[in-house]
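Have a look at the structure below before the remarks.
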Number of protein chains: 2
Amino acid sequence: MNELEPEHLKSAGLKSTLPRLKVLDLFKNGQERHMSAENVYQLLRDSGDNVGLATVYRVLTQFEQAGLLVRHNFEGGKSVFELNEGTHHDHIVCMQCGHVEEFYDSAIESRQKKIAADRGFTIHDHSLHIYGDCTKTKCPHRR
Amino acid sequence: MNELEPEHLKSAGLKSTLPRLKVLDLFKNGQERHMSAENVYQLLRDSGDNVGLATVYRVLTQFEQAGLLVRHNFEGGKSVFELNEGTHHDHIVCMQCGHVEEFYDSAIESRQKKIAADRGFTIHDHSLHIYGDCTKTKCPHRR
DNA sequence: ATGCAAATGAGAATGATTATCGTTCGTGTC
DNA sequence: GACACGAACGATAATCATTCTCATTTGCAT
């Protein structure tokens, strides 16, 4: 088990509880960068921790509101979270294997700003997801 | 009640049944361009038609597969459909009032193609949603 | 007009997420 | 370091959108 980091929680205005530390540790030191509530729940269970699924959902939502995590609504109905490292990026998702890659394109970003401005919108957020097949090169990632 | 158009269904390989004609009519001649299954169900109910919610879901999915409608997964968990008029476009959604505007930006489209190609992906689909406030100009549209 | 497969409607079932509630834990105070 | 109190937890029930099941009805070719 890696060392835990209560400072991150405190600075986010959250009490430093065991389930919260476990979840945060999973995102900071775990294998997967993108995880659903169910993923997190299973991983904690597998490592012998007795956490409730409801708590996982609560904690993920709190972390999102605190800015520690970012939530993505990919196709398939379930929310996926990743660590918020400040650097905004969008996602390209393989529909065969579920593999996710990240990208950032400043041209796209600035076009979006212009589009919103032209229409009198103040942007809160945006999501760009490209769905496709990565078959050619690296699709042994099974879903 | 407007005249119905069985040709559209036939040419899509679908039997021309009453519920299907009603749903298609709603999208072609109704007030709202973007509708969820629940919206469609309620509107048909309100106009005195006895359709089942399950049928609405089935028909919307069939229409999507037939290319008559396009499905969007905005934030909020429910799928929204609109008539497929061949012209691809993305959406900017007001988070205060739910108002939706459409846009198309060829620069963004071509950047997306390039990004996917660079990573060895074959694009199936993509979704770009900008979420913001349209407060300044036209936010009397209530949710 | 007749028949049969396809489509429908009502309601049960499912999957993800949220709410409820009695119990436990974290933290400031003595 | 023990106490107290409210916040957080875990189990489970409830909710919401969507899909499935199945008996009944309907579209359409004969």
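What you are looking at is a predicted structure, and each value in this text was computed from that prediction instead of being measured. Quick note: numbers below take in every heavy atom, side chains included, and nothing from hydrogens, waters or symmetry partners.
Nucleic acid contact for Ser79(B): sugar-phosphate only, since backbone atoms but no base atoms lie under 4.0 Å from a heavy atom of the residue. No engagement by Arg71(A) is indicated, since no non-hydrogen atom pair under 4.0 Å with the nucleic acid exists.
Projected onto DNA chain C by closest heavy-atom contact, Lys78(A) and Val56(B) fall at different nucleotides, the more 5' of which corresponds to Val56(B). Both Thr55(A) and Gly77(B) lie near DNA chain D, and the one whose nearest nucleotide falls closer to the 5' end is Thr55(A).
Under the 4.0 Å criterion applied to side-chain N and carboxylate O atoms, Arg45(A) and Asp49(A) are not assigned as salt-bridge partners. The existence of a salt bridge linking Arg71(A) and Glu82(A) is excluded, since no basic side-chain nitrogen approaches an acidic carboxylate oxygen closer than 4.0 Å. Using a cut-off of 4.0 Å between Lys/Arg side-chain N and Asp/Glu carboxylate O, Glu85(B) and Arg33(B) are scored as salt-bridged.
Environment of CD in Glu38(B): crowded, with over 12 heavy atoms of neighbouring residues, nucleotides or ligands closer than 6.0 Å. A 6.0 Å sphere centred on CD of Glu102(A) holds more than 12 heavy atoms belonging to other residues, nucleotides or ligands.
Regarding Asn73(B), its CG atom lies at a distance of 14 Å from the C1' atom of dA16(C), rounded to whole Å. Between the P atom of dA16(C) and the OH atom of Tyr41(A) lies a distance of 13 Å, rounded to the nearest Å.
End-to-end axis angle of the helix from dA1(C)-dT30(D) to dC30(C)-dG1(D), using five pairs per end and rounding to 10°, comes to 30°.
Following chains of ILVMFWY side-chain contacts shorter than 4.5 Å, one cannot reach Val70(B) starting from Ile123(B), and the two form parts of different hydrophobic clusters.
Listed in residue order, the members of residues 57-67 of chain B having a heavy atom less than 4.0 Å from DNA chain D are Tyr57(B), Arg58(B).
For DNA chain D, the contact window with chain B, defined by any atom under 4.0 Å from a protein heavy atom, covers dA17(D) to dC28(D) in 5' to 3' order.
Contact annotation: the side chain of Phe27(B) approaches that of Phe81(B) to within less than 4.5 Å [non-hydrogen atoms, C-beta and beyond]. A heavy-atom distance below 4.5 Å is found between the side chains of Leu69(B) and Leu60(B).
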_Counting primed atoms plus P, OP1 and OP2 as sugar-phosphate and everything else as base, spell out the protein contacts along nucleotides 22-30 of chain C at 4.0 Å heavy-atom distance: B, S or - for each nucleotide, 5' to 3'._
----SS---

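Neither side chain, Glu109(A) nor His89(A), offers a donor N or O lying under 3.5 Å from an acceptor on the other.
Between His72(B) and Phe74(B), the two ring planes are parallel [angle under 30°; tilted spans 30° to 60°].
When the ring-ring contact (aromatic ring centres under 6.0 Å, His included) test is applied to His34(A), the partners found at least two apart in sequence or on another chain are His91(A). Every residue two or more places apart in sequence or in another chain that forms a side chain to side chain contact (heavy atoms under 4.5 Å, CB included) with Asp105(B) is listed here: Arg111(A), Ile115(A), Ala107(B), Ile108(B).
Remark: side-chain polar atoms of Ser110(A) are paired, donor with acceptor, to backbone N or O of Ser106(A) under 3.5 angstrom.
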